[in-house]
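As structure tokens, the structure follows; a few thoughts come after it.
Counting starts at 1 for both ligands and their atoms, following the listed order.
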Amino acid sequence: MIDPYIELDDVSFAYKNNMPIIDGLSLKLFGNQFTAITGPNGSGKTTLGKIMAGILRPRKGRVMICGKDSAQMKLGEIGQKIGYLFQNPGLQIFAPTVREEVSFALELKEYGREEIEREVNRSLRDFDLSHLEDAFTFKLSRGEKQRLAIAAVLVNNPGFLILDEPTTGLDMERRKVLSDILFSLKKKGIGMAVISHDRAFISRLADRTIKMHGGEIVEDKT
Ligand SMILES: Nc1ncnc2c1ncn2[C@@H]1O[C@H](COP(=O)(O)OP(=O)(O)O)[C@@H](O)[C@H]1O
Ligand SMILES: [Mg+2]
């Protein structure tokens with residue numbers, strides 16, 4: 001058995017002083033697996049995804065990422081290992097233009113000018129954003145913002161991706177494009193946890209399906 005990429009060990013989480021949303025949950029996610037997470041609205045999917053991505057810190061229990069306790073890791077270090085796409089991707093775009101948004105992560109890594117150009121151009125092409133490279137990000141459509149957010153997450157080359165309802169706001173054609181991208185990432189061995197109700201989208205990709213209800217995992221099928 002290979003080591004899990006992400007491991008939640010007896011994790012509990014509550015927003016502020018509210019009742020715990022997640023209470024004593026344990027879960028292993030593997031780097032070579034595509035895991036679909038489903039369940040009704042309010043069942044805790046987004047909360048779970050954010051805990052797995054290190055964005056929300058558990059109140060009790062541990063989240064291990066690649067064998068390391070995430071409590072000992074800075075968000076930047078976690079971001080190199082796990083790419084996370086918000087349910088509303090507009091929230092994670094902060095650069096003024098499309099090109100700058102994709103370049104940002106590479107500039108942090110102090111890549112050379114030419115290498116950054118090459119990587120950014122490739123990413124823009126992959127996500128059909130080349131014609132928008134100088135566009136202001138706040139003017140993009142929802143689908144364009146979503147493609148940009150995924151592109152910016154993927155230039156980091158994370159070994160694992162967590163996507164929260166990535167097909168929302170995408171038309172059929174864009175959904176097919178996203179599905180093809182995820183399929184090729186999967187073939188490259190990138191692990192994924194995708195929160196989605198979109199059965200047709202999930203069924204092509206998923207190796208494993210987790211169903212949530214009331215903050216608990218009520219089904220886990222491989
Ligand atoms: N920021 C927050 N503050 C307080 N409660 C929240 C917050 N975000 C979500 N919740 C509550 O946590 C529960 C789970 O929500 P969420 O994880 O968003 O579920 P899902 O993604 O499955 O719709 C819901 O009852 C929701 O109202
Ligand atoms: Mg949600």
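In terms of protein heavy-atom proximity, atom 9 (C) of ligand 1 is closest to Tyr15 CE1, 3.5 Å. What sits closest to atom 11 (C) of ligand 1 on the protein, heavy atoms only, is Ile21 CD1, 3.8 Å. With hydrogens left out, the protein atom closest to atom 23 (O) of ligand 1 is Gly42 N, 2.7 Å, a heavy atom. Closest to atom 19 (O) of ligand 1, if we only count protein heavy atoms, is Gly44 N, 3.1 Å. Nearest protein heavy-atom contact of atom 22 (O) of ligand 1 is Lys45 NZ, 2.7 Å.
Residue Pro40 places a heavy atom less than 4.0 Å from ligand 1. Ligand 1 has Ser43 within reach: a non-hydrogen atom of the residue lies less than 4.0 Å from it.
Look at Asp3 and Lys28 and you find no salt bridge, because none of the NZ, NE, NH1 or NH2 atoms lies under 4.0 Å from a carboxylate O. Ionic pairing of Asp180 and Lys176 is present here: one or more N-O contacts between side-chain nitrogen and carboxylate oxygen are shorter than 4.0 angstrom. By the 4.0 Å N-to-carboxylate-O rule, Lys211 lies too far from Asp220 to be salt-bridged with it.
Other residues, nucleotides and ligands place more than 12 heavy atoms under 6.0 Å from the CD atom of Glu77.
Residue Thr46 has at least one nitrogen or oxygen atom sitting less than 3.5 Å from a nitrogen or oxygen atom of ligand 1, judged on distance alone. Residue-to-ligand polar distances keep Gln87 apart from ligand 1: every N/O pair is separated by 3.5 Å or more.
At a distance under 4.0 Å, a protein heavy atom can be found next to atom 16 (P) of ligand 1. For atom 13 (C) of ligand 1, a protein heavy-atom neighbour is present inside the 4.0 Å cut-off.
Under 4.0 angstrom from ligand 1, the non-hydrogen atoms of Asn18 all belong to its side chain.
Under 3.5 Å, the side chains of Asp23 and Ser12 contain a donor-acceptor pair of N or O atoms.
Those atoms of ligand 1 with a heavy atom of Asn41 less than 4.0 angstrom away are 23 (O).
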Legend entry - Ser196 and Glu165: CA distance, side-chain angles, deciding distance, side chain to side chain donor-acceptor pair (under 3.5 Å) verdict: CA-CA 5 Å; Ser196 180; Glu165 313 227 4; over 6 Å; no
Inset, instruction - Verify ring pair (Phe, Tyr, Trp, His ring centres under 6.0 Å) between Phe30 and Tyr5, making sure each step is shown before the conclusion. - result: CA-CA 5 Å; Phe30 296 93; Tyr5 199 95; over 10 Å; no
Inset, instruction - Take Arg113 and Glu107, measure what salt bridge (Lys or Arg N to Asp or Glu O under 4.0 Å) needs, and give me the verdict at the end. - result: CA-CA 9 Å; Arg113 220 2 71 204; Glu107 281 170 17; 3.6 Å; yes
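Among the backbone and side-chain atoms of Thr47, no N/O/S atom is found under 2.8 Å from the Mg ion (ligand 2).
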